[in-house]
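To keep things clear, I will list the structure first and then write my remarks on it.
All values below come from the heavy atoms of this structure, side chains included, with hydrogens, waters and symmetry mates left out. All residue numbers refer to positions in the sequence shown, counting from 1.
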Amino acid sequence: MRIYPKIQKIRDKVFLYLHQYNNGKHTTEILKVGESVVIEGGPSTGKTSFLQKTIRKLESSGEKCVYINASMPTGDWVKDYKLFGKNLESRIELFLRTLPEKFYLVIDNAERLQDSRKLEIVLVLIEQSRSAVIGCTRFAFLHPKVKVRLNNVKIHSLGTGADTFDVTYFFLALMITVVALIGAHNLVFLAAAFRYMFQGTRMGGKK
């Protein structure tokens with residue numbers, strides 16, 4: 001499935017639409033005031049690209065956006081407020097106090113919102129935003145407080161994404177080749193044992 005943000009202006013009002021393409025079918029739905037949309041998907045599925053396009057389209061139409069990357073430290077969220085004080089809490093307070101009257105909240109990597117201070121800030125932003133557009137790996141991975149605060153949430157899945165490559169296969173194959181060439185055949189079994197140890201650790205720790 002692919003999803004694209006679209007903007008429609010009617011008189012002095014701006015409306016954000018979500019245009020989807022799935023198995024040859026096109027559907028379009030409007031994001032109403034107070035509603036939230038969650039774009040979930042694995043690596044390389046286009047979540048961040050969608051969020052960036054959404055911000056560009058909204059801002060080019062005169063709408064205000066507040067962007068949060070949950071994987072970044074809180075200090076990066078308010079880095080534009082460094083001139084207003086060295087203390088992080090004072091910058092956060094000013095950031096929240098000077099929010100636009102009407103804005104869209106855009107959050108990337110939302111499953112990383114586990115820190116209590118980050119959660120506190122984001123819950124305030126959700127409460128005051130017109131609508132929230134959120135990117136995450138899985139909606140189920142969001143903090144319960146975030147899920148509860150999202151009103152009339154629409155969830156769109158972009159799939160599981162790219163598989164990761166286990167580099168230990170390559171490393172152990174190279175190691176076995178080297179020890180075989182130098183004649184240390186007894187070390188071949190040791191290298192193989194390391195490989196199975198890594199595999200057992202990875203499988204045992206996988207949920």
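Remark: the Glu35 side chain and the Ser131 side chain contain no N/O donor-acceptor pair separated by less than 3.5 Å. For the residue pair Asn109 and Asn69, a side-chain donor N or O sits within less than 3.5 Å of a side-chain acceptor on the partner.
By the 6.0 Å contact criterion, CZ on Arg2 is open, its count of non-hydrogen atoms from other residues, nucleotides or ligands being 12 or less. In the displayed structure, Lys154 atom NZ is contacted under 6.0 Å by more than 12 heavy atoms of other residues, nucleotides or ligands. Within 6.0 Å of the NZ atom in Lys57, the count of heavy atoms belonging to other residues, nucleotides or ligands does not exceed 12.
A salt bridge does not link Arg138 to Glu111: none of the charged nitrogens lies less than 4.0 Å from a carboxylate oxygen.
Partner His156 forms a side-chain hydrogen bond (donor to acceptor under 3.5 Å, both in side chains) with one of Glu29, Glu40, Lys47 and no other, that one being Glu29. Of the candidates Val122, Leu125, Val146, Val122 is the only one forming a side-chain contact (heavy atoms from CB on, under 4.5 Å) with Ile107.
Across all non-hydrogen atoms, the minimal contact from Tyr4 to Phe50 is C-CE1, 3.8 Å. Residues Leu16 and Pro5 approach most closely at CD1-CB, 4.1 Å, considering heavy atoms. Closest approach of Val14 to Tyr104, counting heavy atoms only: O-OH, 4.1 Å. Of all heavy-atom pairs between Leu94 and Thr98, the closest is O-OG1, 2.7 Å. Val133 and Leu31 make their closest contact through CG2-CD2, 4.1 Å (heavy atoms, listed as atom of the first residue, atom of the second, distance).
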Next on the checklist: Pair Glu120, Lys145 - check salt bridge (charged side-chain N to carboxylate O under 4.0 Å, His left out), show working.
Outcome noted: CA-CA 10 Å; Glu120 183 181 353; Lys145 290 185 177 180; over 6 Å; no

Next on the checklist: Walk me through whether Lys102 and Glu63 qualify under salt bridge (charged side-chain N to carboxylate O under 4.0 Å, His left out).
Outcome noted: CA-CA 8 Å; Lys102 184 182 75 170; Glu63 296 295 293; 3.6 Å; yes

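In this pair, His26 and Tyr21 present their aromatic rings tilted. The plane angle is within the 30 to 60° band.
Looking at Lys118, its side chain does come within 3.5 Å of a backbone N or O of Met72 through a donor-acceptor pair. In this structure a side-chain-to-backbone donor-acceptor pair under 3.5 Å is present from Asn87 to Ser90.
Between Lys6 and Phe15, the closest side-chain pair of non-hydrogen atoms is not below 4.5 Å.
Annotation: cation-pi pair Lys147/Phe139 present, NZ/CZ under 6.0 Å from the ring centroid and within 45° of its normal.
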